[in-house]
*Asks:* 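Before I ask anything, here is the structure I am working with.
Ligands are counted one by one from 1 in listed order, and the atoms in each one are counted from 1 as well. Numbering starts at 1 and runs along the sequence shown.
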Amino acid sequence: MERTFILLKPDCVERRLVGRILSRFEDKGLNLVAMKLLKVTPDLAKKHYAEHLEKPFYPALEEFITGAPVVAAIVEGLQAIEVVRGMLGPTSGLKAPSGTIRGDFSSSRQMNLVHASDGPEAAAREIPLYFSNDEIVEHTPTIGPWLKASDED
Ligand code: CMP
């Protein structure tokens, strides 16, 4: 099982899409192990988006991501990082195909509704930015045997 970090961004919360988008991850069979509503501070934004700090769009990105509450979550599942990235689609909602979250709900490059870790190193860095260990709830869903065969890993 792999864990990935998901951030439902301010546009997602403000547009009242949190429930519908969380449902997509639940429908896929991913297991929710942590979740909270918070406001991203400028300091947290700089840590989260450290690789974009020098990019011309960073000031607008920080204003956007700190502008309203977000929902942070950790989900786990087989190949969860790749699976979730595929569910989001490419960065721009204008380029994302229908059937992906961004393709179905976003028409913007910046306001693309959801962030998810783009690899194992990003997940390992992003999860502790938002969650302490005691906020992660380990549990084995009883539905597990109906989501995959026992030899799939
Ligand atoms: P995300 O997957 O969270 O990673 C970085 C974010 O920066 C991205 O989603 C967008 O919200 C935003 N972003 C990426 N490229 C641009 C851009 N060219 N202009 C404005 N915002 C961008």
*Asks:* Identify the protein heavy atom lying closest to atom 4 (O) of ligand 1, giving its residue, its atom name and the separation to 0.1 Å.
*Replies:*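 Ranking protein heavy atoms by distance from atom 4 (O) of ligand 1, first comes Y49 CE2, 3.6 Å.
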
*Asks:* Has ligand 1 got any nitrogen or oxygen that is less than 3.5 angstrom from a nitrogen or oxygen of R85?
*Replies:*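 R85 vs ligand 1: no N/O contact under 3.5 Å.
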
*Asks:* Side-chain donor-acceptor pairs under 3.5 Å in residues 145-153, sequence neighbours left out?
*Replies:*
unit_1: K148; atom_1: NZ; unit_2: E152; atom_2: O; d: 3.1
unit_1: E152; atom_1: OE2; unit_2: A149; atom_2: N; d: 2.7

*Asks:* Does only the side chain of D118 get under 4.0 Å from ligand 1, or the backbone, or both, or neither? Count heavy atoms.
*Replies:*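 Neither part.
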
*Asks:* Have a look at Q110, H52, H48 and point out the one with the heavy atom closest to atom 11 (O) of ligand 1.
*Replies:*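 Of the listed residues, Q110 has the closest heavy atom.
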
*Asks:* Quick one: nearest non-hydrogen protein atom to atom 2 (O) of ligand 1, plus distance?
*Replies:*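 Result for atom 2 (O) of ligand 1: R102 NH2, 3.4 Å.
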
*Asks:* Which of the atoms of ligand 1 are close to H115, meaning less than 4.0 Å from one of its heavy atoms?
*Replies:*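 Those qualifying, in numeric order: 1 (P), 2 (O), 3 (O).
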
*Asks:* Using a strict 4.0 Å threshold on nitrogen-to-oxygen distance, state whether E138 and R3 make a salt bridge.
*Replies:*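 Between R3 and E138 there is a salt bridge, with a charged N closer than 4.0 Å to a carboxylate O.
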
*Asks:* Pull out every atom of ligand 1 sitting under 4.0 Å from any heavy atom of N112, numbered as shown with elements.
*Replies:*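 This gives 8 (C), 9 (O), 10 (C), 11 (O) as the contact atoms.
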
*Asks:* Note the single closest protein heavy atom to atom 10 (C) of ligand 1, along with its residue, its atom name and the distance in Å.
*Replies:*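 For this ligand atom, the closest protein heavy atom is R109 O, 3.4 Å.
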
*Asks:* Give me the residue, atom name and distance of the protein heavy atom closest to atom 9 (O) of ligand 1.
*Replies:*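 Its nearest protein heavy-atom neighbour is K9 NZ, 2.9 Å.
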
*Asks:* May I ask you to establish whether K36 and F131 are in a cation-pi arrangement, using a distance under 6.0 Å from NZ or CZ to the six-membered ring centre and at most 45° from the ring axis?
*Replies:*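 Flagged: K36 positioned over aromatic ring of F131.
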
*Asks:* Would you please test Y130 and F5 for ring pair (Phe, Tyr, Trp, His ring centres under 6.0 Å) and show each step?
*Replies:* CA-CA 9 Å; Y130 286 84; F5 174 70; 4.5 Å; yes

*Asks:* Run the side chain to side chain donor-acceptor pair (under 3.5 Å) test against K46 and tell me which residues pass, sequence neighbours left out.
*Replies:*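 So K46 forms a side chain to side chain donor-acceptor pair (under 3.5 Å) with E62.
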
*Asks:* Considering only the protein, which heavy-atom contact is closest to atom 13 (N) of ligand 1, and what is its distance?
*Replies:*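 Checked against all protein heavy atoms, atom 13 (N) of ligand 1 sits closest to F57 CE1, 3.7 Å.
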
*Asks:* In Å, rounded to the nearest 0.5 Å, how long is the span from CD1 of I6 to CD1 of I74?
*Replies:*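 If we round to the nearest 0.5 Å, I6:CD1 and I74:CD1 are 10.0 Å apart.
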
*Asks:* Within the distance-only criterion (no hydrogens, no angle test), does the side chain of E2 pair as donor or acceptor with the backbone N or O of A80 below 3.5 angstrom?
*Replies:*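 Answer holds: yes.
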
*Asks:* For E62 and ligand 1, answer yes if some heavy atom of the residue is under 4.0 Å from a ligand atom, otherwise no.
*Replies:*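 For ligand 1, residue contact (heavy atoms, under 4.0 Å) with E62 is absent.
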
*Asks:* Considering only the protein, which heavy-atom contact is closest to atom 12 (C) of ligand 1, and what is its distance?
*Replies:*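 Of every protein heavy atom, L61 CD1, 3.9 Å lies nearest to atom 12 (C) of ligand 1.
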
*Asks:* Describe, in one word, how the ring planes of H115 and H48 are oriented to each other, choosing from parallel (under 30°), tilted (30 to 60°) and perpendicular (over 60°).
*Replies:*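 Correct class here is perpendicular.
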
